[in-house]
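Heads up: the structure comes next, in structure tokens.
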Amino acid sequence: MPAQPSDFPALEIKKRFGDETFSGKGSNPGISVMEFWRWAASDLLSNAMRGVLAEYIVANALGITGGVRTEWDAFDLRMENGTTIEVKSAAYLQSWHQNRLSSISFGIQPTKGWDSSTNIVSAERKRQADIYVFCVLNHKDQVTVNPINLDQWDFYILRAEVLNRECPIQKTISFNSLLRLGPVKAAYSEIASVVKRLT
């Protein structure tokens with residue numbers, strides 16, 4: 001039996017295309033990665049998947065979707081100039097039964113950042129990104145809500161230093177409290193120019 005390595009570096013994750021098929025010894029289930037994606041990720045209104053979608057929308061607006069998403073990294077996105085971005089999302093409508101529209105709030109608590117490339121957690125608890133992009137699916141009609149309609153989203157962009165100064169240890173922030181901090185409101189087409197202006 002070959003000796004096991006004493007260290008396991010981070011794996012390089014390559015983009016899949018969806019046409020890859022499942023396989024197994026003596027079996028040919030005839031299912032593809034695309035079919036798995038459709039099964040696992042079609043509910044774009046769920047909290048978890050809406051958050052991933054918001055990250056993708058912002059990454060696409062910034063032109064940085066060439067790689068793949070890193071799960072649980074210290075921040076969500078890194079621009080080519082090194083600027084780091086945290087993406088937060090919220091919506092009035094959910095995919096489950098609601099008695100009323102959801103209130104809009106966001107998690108902003110300082111964290112001990114984890115570096116996915118080294119598997120090391122930082123000792124300092126802080127906000128890990130330079131810029132926060134708060135994404136609001138601002139639509140209130142169940143019949144027509146569509147998370148891939150970019151006109152239904154509003155984006156509020158704020159430097160992390162404002163959060164650090166005004167609410168240094170706060171864990172969550174309501175929509176009204178966020179607005180009082182003066183974030184720049186942007187449409188999808190304006191995200192890149194606003195982020196560039198704030199860096």
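In this structure, Ile13 CD1 and Lys15 NZ are separated by 13.5 Å, a value rounded to the nearest 0.5 Å. Atom CD in Gln109 sits 12.5 Å away from atom CG in Leu163 (nearest 0.5 Å). Annotation: the span from Thr144 atom OG1 to Gln152 atom CD amounts to 6.0 Å, rounded to 0.5 Å. Distance check, rounded to the nearest 0.5 Å: CD of Gln170 to CD1 of Ile108 gives 4.5 Å. Separation of atoms CZ (Phe106) and OG (Ser177) is listed at 11.5 Å; rounding is to 0.5 Å. Summarising the geometry, atom OG belonging to Ser89 is positioned 7.0 Å from atom CG belonging to Asn47; distances are rounded to the nearest 0.5 Å.
Two different hydrophobic clusters hold Tyr56 and Ile191 under the rule that ILVMFWY side chains link at heavy-atom gaps under 4.5 Å. Side-chain heavy atoms closer than 4.5 Å link hydrophobic residues (I, L, V, M, F, W, Y) into clusters, and following such links, possibly through other members, connects Met49 to Leu150. Residues Trp37 and Val52 do not share a hydrophobic cluster, clusters being chains of Ile/Leu/Val/Met/Phe/Trp/Tyr side chains in contact below 4.5 Å.
No side-chain heavy atom of Phe175 sits less than 4.5 Å from a side-chain heavy atom of Phe134. With contacts defined as side-chain heavy-atom distances shorter than 4.5 Å, the pair Thr21/Ile31 does not qualify. Pro183 is listed as a side-chain neighbour of Leu178, based on a closest heavy-atom distance under 4.5 Å. Side-chain contact between Leu77 and Val58 is present, with heavy atoms from C-beta onward closer than 4.5 Å. Using a 4.5 Å heavy-atom cutoff, the side chains of Met34 and Arg16 are not in contact. Annotation: side chain of Met79 is in contact with side chain of Val195 (closest heavy-atom distance under 4.5 Å). Here the side chains of Leu44 and Ile148 are in contact, with some heavy-atom distance below 4.5 Å. Contact check for Glu86 versus Ile131: no side-chain heavy atoms found under the 4.5 Å cut-off.
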- prompt: Between Tyr132 and Tyr156, does a side-chain contact (heavy atoms from CB on, under 4.5 Å) hold up when you go through it step by step?
  reply: CA-CA 8 Å; Tyr132 275 66; Tyr156 299 84; over 6 Å; no
Working for side-chain contact (heavy atoms from CB on, under 4.5 Å), residues Val145 and Leu45: CA-CA 9 Å; Val145 66; Leu45 279 173; 4.0 Å; yes
task: Apply side-chain contact (heavy atoms from CB on, under 4.5 Å) to Cys135 and Lys88, showing your working.
output: CA-CA 6 Å; Cys135 310; Lys88 299 294 183 181; over 6 Å; no
task: Evaluate side-chain contact (heavy atoms from CB on, under 4.5 Å) for His139 paired with Asp141, printing each intermediate quantity in order.
output: CA-CA 6 Å; His139 198 78; Asp141 183 350; 3.8 Å; yes
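Here the closest non-hydrogen pair linking Ile85 and Leu62 is CD1-CD1, 3.2 Å. Nearest heavy-atom pair across Pro168 and Pro110 is O-CG, 3.4 Å. Taking every heavy atom of both residues into account, Ala129 and Phe75 meet most closely at CB-CB, 4.1 Å.
Every residue two or more places apart in sequence or in another chain was checked for a side-chain hydrogen bond (donor to acceptor under 3.5 Å, both in side chains) with Asn149, and none qualifies. Residues satisfying the side-chain hydrogen bond (donor to acceptor under 3.5 Å, both in side chains) criterion with Ser46, sequence neighbours excluded, are absent altogether. Contacts of Ser95 classified as side-chain hydrogen bond (donor to acceptor under 3.5 Å, both in side chains), with partners at least two apart in sequence or in another chain: Asp43. Considering only residues two or more places apart in sequence or on other chains, Gln128 meets the side-chain hydrogen bond (donor to acceptor under 3.5 Å, both in side chains) condition with none of them.
Within 6.0 Å of CH2 in Trp39 there are 12 or fewer heavy atoms belonging to other residues, nucleotides or ligands. Atom CD of Glu35 sits in a crowded spot, with more than 12 heavy atoms from other residues, nucleotides or ligands closer than 6.0 Å.
With Tyr92 as the aromatic partner, Lys140 meets the cation-pi criteria of under 6.0 angstrom to the ring centre and within 45 degrees of the ring axis.
For residues 61-79, the set of pairs meeting the salt bridge (Lys or Arg N to Asp or Glu O under 4.0 Å) definition, not counting sequence neighbours, comprises Glu55-Arg69, Arg69-Glu71. Applying the ring-ring contact (aromatic ring centres under 6.0 Å, His included) rule to pairs touching residues 176-199 yields nothing, sequence neighbours excluded.
A donor-acceptor pair is defined here as one N or O able to donate and one able to accept, closer than 3.5 Å; no such pair exists between the side chain of Glu190 and the backbone of Phe155. Panel note: side chain Ser42, backbone Arg38; a donor-acceptor pair is recorded below 3.5 Å. Judged by distance alone, with hydrogens and angles left aside, the side-chain atoms of Trp153 form a donor-acceptor pair with the main-chain N or O of Pro147 at under 3.5 Å. Side-chain N or O atoms of Thr84 include one that pairs as donor or acceptor with a backbone N or O of Asp130 at under 3.5 Å.
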